Each structure stands twice: as C-alpha cells, then as structure tokens.
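Scroll down for the structure; my scribbles are underneath it.
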Number of protein chains: 2
Amino acid sequence: MLNDNSSDFGINWGQYGHLVEELTIPAKTTLLHEGDVSKNAYFIKKGCLRLWFNNNGKDVTFQFFFENYGVSSIESFQSGQPSLFSIESIEPSTLLVISKANMDLIIAGLPGYQELMQAHILQRMHHYAKLFLSRIKNNPQERYLELLADSPHIVQRVPQHYIASYLGITPVSLSRIRNKVLVDKK
Amino acid sequence: MLNDNSSDFGINWGQYGHLVEELTIPAKTTLLHEGDVSKNAYFIKKGCLRLWFNNNGKDVTFQFFFENYGVSSIESFQSGQPSLFSIESIEPSTLLVISKANMDLIIAGLPGYQELMQAHILQRMHHYAKLFLSRIKNNPQERYLELLADSPHIVQRVPQHYIASYLGITPVSLSRIRNKVLVDKK
DNA sequence: GCGACACGATAACAATTGTTAAGAAATTCT
DNA sequence: AGAATTTCTTAACAATTGTTATCGTGTCGC
C-alpha cells in the first residue's frame, strides 16, 4: 500500500493510493501466463520484465521493460480476452499492482488517466512498427548494432539468450556476431 | 468526374461527386514518390497498386491493393510530411482521385467520413502488426504458403519478384520455394 | 510482326544462420 | 565455500538463403 503523496505511476494518486499494492518477486516469476485473462496492471519500481509468447515451443521475447514503466497485456486487461503473451520478471523486481476493479475506480475518478492509457497503447503500437521495419531493413548483425546504439541498457542488463530471441536469432548466432563485431573493431 | 449518384468510395458522394476525378494510368506508373508530400488520395476502380520503399537501393514492397480499396500515404496526406514510401501501379489501372483540399471539403460536410478515415488508419496498423508477427513466427516458405492460403489473388495477379520482396526474400529464393512446394505435393 | 524488355527457372558457388554438443565462466542458492 | 544452475563461447556440420549469371519464354509498345 502507498501513502497519499505517492506519485509512483507518474501521476499523483491522491486518495487512490490505497488501491495500489506493492509486490516483490524473484527473477523468472510469471506475472501473467499466455492464454490467461489479465487481471492486473503493473508498474516497475525496481527490476526488469519481458513480454514473450510461445511459438511452436520456442520462446520469443518481443519487449523489455525497466524502472518507471507501466506494463500490462492491455488488450486482455481491457477486453477480458485471453492474453496473447506472457509477462515474466528477468531480475528480482519490486512492482506496483493494480487490479482491474481498482483501475476502473481510478479511471472514473482521476482526471488525465484516460490519456495516460491512450499513450500507453500508442507506445505499444509504435514499438510494433519499429520492430517490423527493423526486421525488414536490417540483418541480424545490423539489428544488434542498432540495439546496442539505441538501447545499450538492454544489452547490459538482459541475459544474452533473451536478446537473441528479441533479435530473431539463436543465442549461438548472437555470440558469433558479438565476436565478429569485436574482431572487426580491432 | 462522377455523377451525383456515385457511391464508388463506399459512401454516397451526394453533392460532392464533382470533387472526384477519374484517372486511367498504365502499369508501373508512380502516383506518389517516396520523399514527396502526398497531395492526393486514391480509390481503385480497376487494377492494382503497391506500396514500397527504397532500402539501400533495394525495392521493398510491403502492401498490395486491388479493386474497391482506398489507397494513400495517409500520414503524409494528413500531416504534410514527406511520404516514407512510394505508390505505384502494377497493372494498368483506373482510379478515383481526391485532392487534399477537396478531401477537406468533403470531411467538413459529409457525415461519417471521419469514421471512414479512422477505419482506414486502423486497417493500416493491423496490417503492420500482421506483417511483423508473420516475420517472427514463420520462415520464408511458411510465409509463402500463408500468403497462398490467405490471399491467393495476390499470388495470382502480382509478378513474382514483388511477392518475393513482400516475403522478404529474393526472387530466386521464391522460385526455389515454389518448386520445392510443388515437388513435396507430389 | 518484331524488337526490346520483363519475367521466371535453374545452376554453381558463397555467405549466413541453425543445430547439436561440449566445456568454460559466471551467478545463485544454501 | 561449494554445489547446482544458468549463461556464454566455441566448434563441426547441415540447411537455408543470397549472389551472379545464363537461358527460355512471354509480353508490351511501336
């Protein structure tokens, strides 16, 4: 639970702080299983999460989230449909949790919340578009270098096999690319 | 120019029919050059168009349009920013053309037009999401078979090298895949 | 009809990436 | 600290895809 002055979600919770729970989890904890209906939205105080889906037995990671980001299967959360992906912690993490019911209360009473959700959705769409263009325009090595340039924190904090999955290649191939990039630099 | 009873854009033009021009073009005609600002929106009465962009000298086709579809670089058309892609005819085509100025007139006066534009944008976004997931989940052969199953008309009407570009492979590779699929069937 | 051009198949070779396996290095847990 | 687990690298080989080039067919415009 949070005190009334909390502004941890990027907004002032005011009288709604008591509707938000704090949750601490170890690494590799699944917050939402693919196929289940999302009942909570999360905000990362400390740690790191990933979104992934099962593709014929293969783990495909397609987005990472770090501190001060809101994370949810927004489509499932809002529509009650089964989620198309899982949400899992990469590091031990401290999260804020809001249930659907409490979220509805907040949306009804807190000005500016609707806009925050809109922005959240647009952000997700923009991410999809970028991923698609990156796959079309760049080969795996170029995608890796782009990630390194645009999001060095991801490469530093996230285990390599998740990165490989994100880039659409195997961990072995990523290791080779990293080695090649190193050699080329010398 | 159209008579007042035209409903060629999926709506009744009513008094606005005179704002729409008809245009007939041969194959391989560029309607909008990548980098230019889009001044017109098009509707296909007969024929077939493609959207493509230049990626380091390579022609990347990412969407096809046929009869009864509206086509535009909607972002450029609405914002006045340079278009990120070109629009080009594949077959000789007959189009309806609306200028930005006339479009604004229509939007101001015709109820339901705003919604039509919204739907147009959502359609484009949905297409992007599908393309991205297809690249992640399927290899080139699977993507080809999926296209064959979902959109056989595209495979039938569009020259193979555009399809190859759309699938993210070379024409040579597509030819091999087609041959392999044929052999496997026997 | 004829020449120019576009289109598609195929071959040979190169380059990239996947697969499998083994072992080293780092991290986590007790 | 020591064991167990995870993570990363490397190697050898297979499979896929790209590159380049050639050839045959068809189609379009004049």
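Remember, predicted model here, so these are calculated numbers, not experimental data. Atom set for the values below is all heavy atoms of this structure, side chains included, hydrogens, waters and symmetry mates excluded. Each chain gets a letter, A, B and so on, in the order the sequences are listed, and its residues count up from 1.
- What separates CZ of Arg178(A) from C1' of dT10(D) is a distance of 14 Å, to the nearest Å.
- The main-chain N or O of Pro152(A) is never found under 3.5 Å from a side-chain atom of Arg157(A) such that the two would form a donor-acceptor pair.
- A distance below 6.0 Å separates the ring centres of Phe62(A) and Phe53(A).
- A donor-acceptor contact under 3.5 Å links the side chain of Arg176(A) to the base of dG18(C).
- Taking a 6.0 Å sphere around NE2 of His153(A), one finds it holds more than 12 heavy atoms contributed by other residues, nucleotides or ligands.
- Between Ile177(B) atom CD1 and dT10(C) atom P the separation is 14 Å, expressed in whole Å.
- Side-chain N/O atoms of Lys28(A) include none lying less than 4.0 angstrom from OP1 or OP2 on dC29(C).
- Of the candidates dC8(D), dG8(C), dT10(D), the closest approach to any side-chain atom of Pro159(B) belongs to dG8(C).
- A cation-pi arrangement is absent between Lys39(B) and Phe77(B), since the terminal nitrogen or guanidinium carbon is not both under 6.0 Å from the aromatic centre and inside a 45° cone about the axis.
- Listed pair Gln160(A) / dT9(D) meets the phosphate criterion, a side-chain N or O lying under 4.0 Å from OP1 or OP2.
- With rounding to whole Å, Leu167(A) atom CG is found 15 Å from dT16(C) atom C1'.
- Atom CD1 in Ile163(A) sits about 16 Å away from atom C1' in dT6(D), given to the nearest Å.
- Within the 4.0 angstrom heavy-atom criterion, no nucleotide atom of any strand lies near Pro171(A).
- Of the two residues contacting DNA chain D, namely Gly168(B) and Ala27(B), the nearest-nucleotide position lying further toward the 5' end is that of Gly168(B).
- One atom, CD1 of Ile169(B), and another, P of dA9(C), lie 12 Å apart when rounded to the nearest Å.
- When rounded to the nearest whole Å, the span between CZ of Arg143(A) and P of dT16(C) equals 14 Å.
- For the pair Ile90(B) CD1 and dC7(C) C1', the interatomic distance rounds to 14 Å; values are reported in whole Å.
- OP1 and OP2 of dT6(D) both lie 4.0 Å or more from every side-chain N or O belonging to His161(A).
- Annotation: of the two residues near DNA chain C, Leu174(B) and Thr170(A), the 5′-most nearest-nucleotide partner is Leu174(B).
- When heavy atoms are screened at a 4.0 angstrom cut-off, Ser173(B) is found touching the sugar-phosphate backbone but no base atom.
- Ranking dT19(C), dT10(D), dT17(C) by closeness to the Asn179(A) side chain, first place goes to dT10(D).
- The nucleotide whose nearest atom lies closest to any side-chain atom of Ser175(B) is, among dT19(C), dA9(C), dT19(D), dA9(C).
- Minimum atom distance to the side chain of Asn139(A) is reached by dT17(C), of the listed dT17(C), dT17(D), dA11(D).
- For Thr30(B) (side chain) and His33(B) (main-chain N/O), no donor-acceptor pair under 3.5 Å exists by modelled atom type.
- Between Tyr144(A) atom OH and dT17(C) atom C1' the separation is 17 Å, expressed in whole Å.
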